[in-house]
Protein chains: 2
Amino acid sequence: MTKVKEQSTRNQNKGISELACPITYVMNKIGGNWKCTILYYLMSGPKRYSELKKLIPAITEKMLAQHLKQLKEDNLVAKKEEQEKPPITIYSLTPAADELRPILLAMAEGGIKDNKKQFQHLMGEAVS
Amino acid sequence: MTKVKEQSTRNQNKGISELACPITYVMNKIGGNWKCTILYYLMSGPKRYSELKKLIPAITEKMLAQHLKQLKEDNLVAKKEEQEKPPITIYSLTPAADELRPILLAMAEGGIKDNKKQFQHLMGEAVS
DNA sequence: CAGAATCCTATACGATACTG
DNA sequence: CAGTATCGTATAGGATTCTG
């Protein structure tokens, strides 16, 4: 038994907030601290696990793997494995994520516009 | 002193993730569990504190106040107080938030499209 | 009415070590 | 290479009470 934990108000509320607002619904899908970053880099093309790791040095293995898994569950990224001896795994955006693309780009532009200097290092990099 | 807490890797990383990705930068501004919902309802026009509370019954006073404060600090909402005896406070979107409007609407559409049934109760409601 | 203050807990995240 | 497992902690968020 060990205390069923009763689903914690917190989690219930997360569900409620999604129902109250479609934006929040989307936000919760891309809402990890790194999920957007992952999507951002995948927008410039499919990438391997290790490539993502290199592109986002600050992320830990755990978060990368976990977020990729969640993104896959939410059908935003597709995973393709070559069962070679050193395994190779390619992650790419799904059509569903492609629909998010304009939104994400709009947000990126908003962010860059809002703080140009901060993001000069990114200009024209990850995004085609 | 009581343990300076040393800024916790976690918080550092939040900063780093913002630098790594302009989307994340924006996300962090609208990323509370209720912030978007607040913005969403404010999009249909200025609202009083108590109106917001009524519109979002599940939110606690604490979160509402806290998020409003943060949104104000990030210049996304404006606060106007009438120093009457029963105080009246009106919150509204700032021009900065108006620039987010298309993005938020696009996300809302995305969410609704993604899960039409779930959001039928909202159709044509909060958003003009 | 509009909020600030206090207290508490679930959970998201980080660090590290291990595996097919 | 591409992960999974385990453990520890900071923090977001909830409940409740108090105030100008």
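The figures that follow rest on heavy atoms only: side chains count, while hydrogens, waters and symmetry mates do not.
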(request) Check every atom of C/dT11, D/dG20, D/dA15 against the side chain of B/Pro87 and return the nucleotide holding the closest atom. (result) D/dG20

(request) Please check the phosphate of D/dT11 (OP1 and OP2 only) for any side-chain N or O of B/Asn11 closer than 4.0 Å. (result) yes

(request) Compare the minimum distances between each of C/dG3, C/dA10, C/dG14 and the side chain of A/Trp34, then state the nucleotide with the smallest one. (result) C/dG14

(request) Would you name the heavy atoms of B/Ile103 and A/Met107 that are closest together and state the gap between them? (result) CG2-CG, 3.4 Å

(request) Would you check if the side chain of A/Arg101 reaches a backbone N or O of A/Met43 as a donor-acceptor pair within less than 3.5 Å? (result) yes

(request) Compare the minimum distances between each of C/dA10, C/dC13, D/dG13 and the side chain of A/Ser8, then state the nucleotide with the smallest one. (result) C/dA10

(message) Both B/Arg10 and A/Glu51 contact DNA chain D. Taking the nearest nucleotide for each, which residue is further toward the 5' end?
(response) A/Glu51

(message) Using a 4.0 Å heavy-atom cut-off, does A/Lys79 contact any base of the nucleic acid, only the sugar-phosphate backbone, or nothing at all?
(response) sugar-phosphate

(request) Using a heavy-atom cut-off of under 4.0 Å over every strand shown, decide if B/Leu68 touches base, sugar-phosphate, or nothing. (result) nothing

(request) Would you indicate which nucleotide in D/dG14, C/dG14, C/dC1 comes nearest to any side-chain atom of B/Ser50? (result) C/dC1

(request) Could you check how far CG of B/Leu71 sits from C1' of C/dG3, rounded to whole Å? (result) 16 Å

(request) Examine D/dT4: is either OP1 or OP2 under 4.0 Å from a nitrogen or oxygen in the side chain of A/Tyr49? Give yes or no. (result) no

(request) Ignoring the backbone of B/Arg48, work out which of D/dT11, C/dA2, C/dC13 is nearest its side chain. (result) C/dA2

(request) Inspect the contact between A/Lys53 and A/Glu51 and indicate whether a charged nitrogen and a carboxylate oxygen are less than 4.0 angstrom apart. (result) no

(message) Reading DNA chain C from 5' onward, which residue's closest nucleotide shows up sooner: A/Thr60 or A/Lys14?
(response) A/Lys14

(message) It should be established whether A/His67 places a side-chain nitrogen or oxygen under 4.0 Å from OP1 or OP2 of nucleotide C/dC13.
(response) yes

(message) Please check this pair: side chain of A/His121 against backbone of B/Leu19, looking for a donor-acceptor N/O pair closer than 3.5 Å.
(response) yes

(message) Side chains of A/Thr24 and A/Ser17 only: does a donor on one sit below 3.5 Å from an acceptor on the other?
(response) no

(request) Using atom CE of B/Met63 as one end and atom C1' of C/dG3 as the other, report the distance to the nearest whole Å. (result) 14 Å

(request) Measure the distance from NZ on A/Lys47 to P on D/dC1 and round it to the nearest whole Å. (result) 17 Å

(request) Report yes if at least one side-chain N or O of B/Thr9 is closer than 4.0 Å to OP1 or OP2 of D/dA10; otherwise report no. (result) no

(request) Could you tell me the separation between the CG atom of A/Leu64 and the P atom of D/dT4, rounded to a whole number of Å? (result) 10 Å

(message) Rounded to whole Å, please give me the gap between CD1 in B/Ile59 and P in C/dA2.
(response) 14 Å

(message) Go nucleotide by nucleotide along DNA chain D from the 5' end; which of A/Asn13 and A/Glu61 gets its closest nucleotide reached first?
(response) A/Glu61

(request) State whether a side-chain donor-acceptor pair under 3.5 Å links A/Tyr49 with A/Glu61. (result) yes

(message) Please report the distance, rounded to the nearest Å, between CD in A/Glu18 and P in D/dG13.
(response) 13 Å

(request) Return the value, rounded to whole Å, for the distance between atom NZ of A/Lys29 and atom P of C/dA12. (result) 14 Å

(request) Compare the minimum distances between each of C/dC1, D/dG14, D/dT4 and the side chain of A/Ala65, then state the nucleotide with the smallest one. (result) D/dT4

(message) Quick check for you: among C/dG14, D/dG14, C/dC1, whose closest atom lies nearest to any side-chain atom of B/Lys62?
(response) D/dG14

(request) Mind calculating the distance between CG (A/Asn33) and C1' (D/dA12) to the nearest angstrom? (result) 13 Å

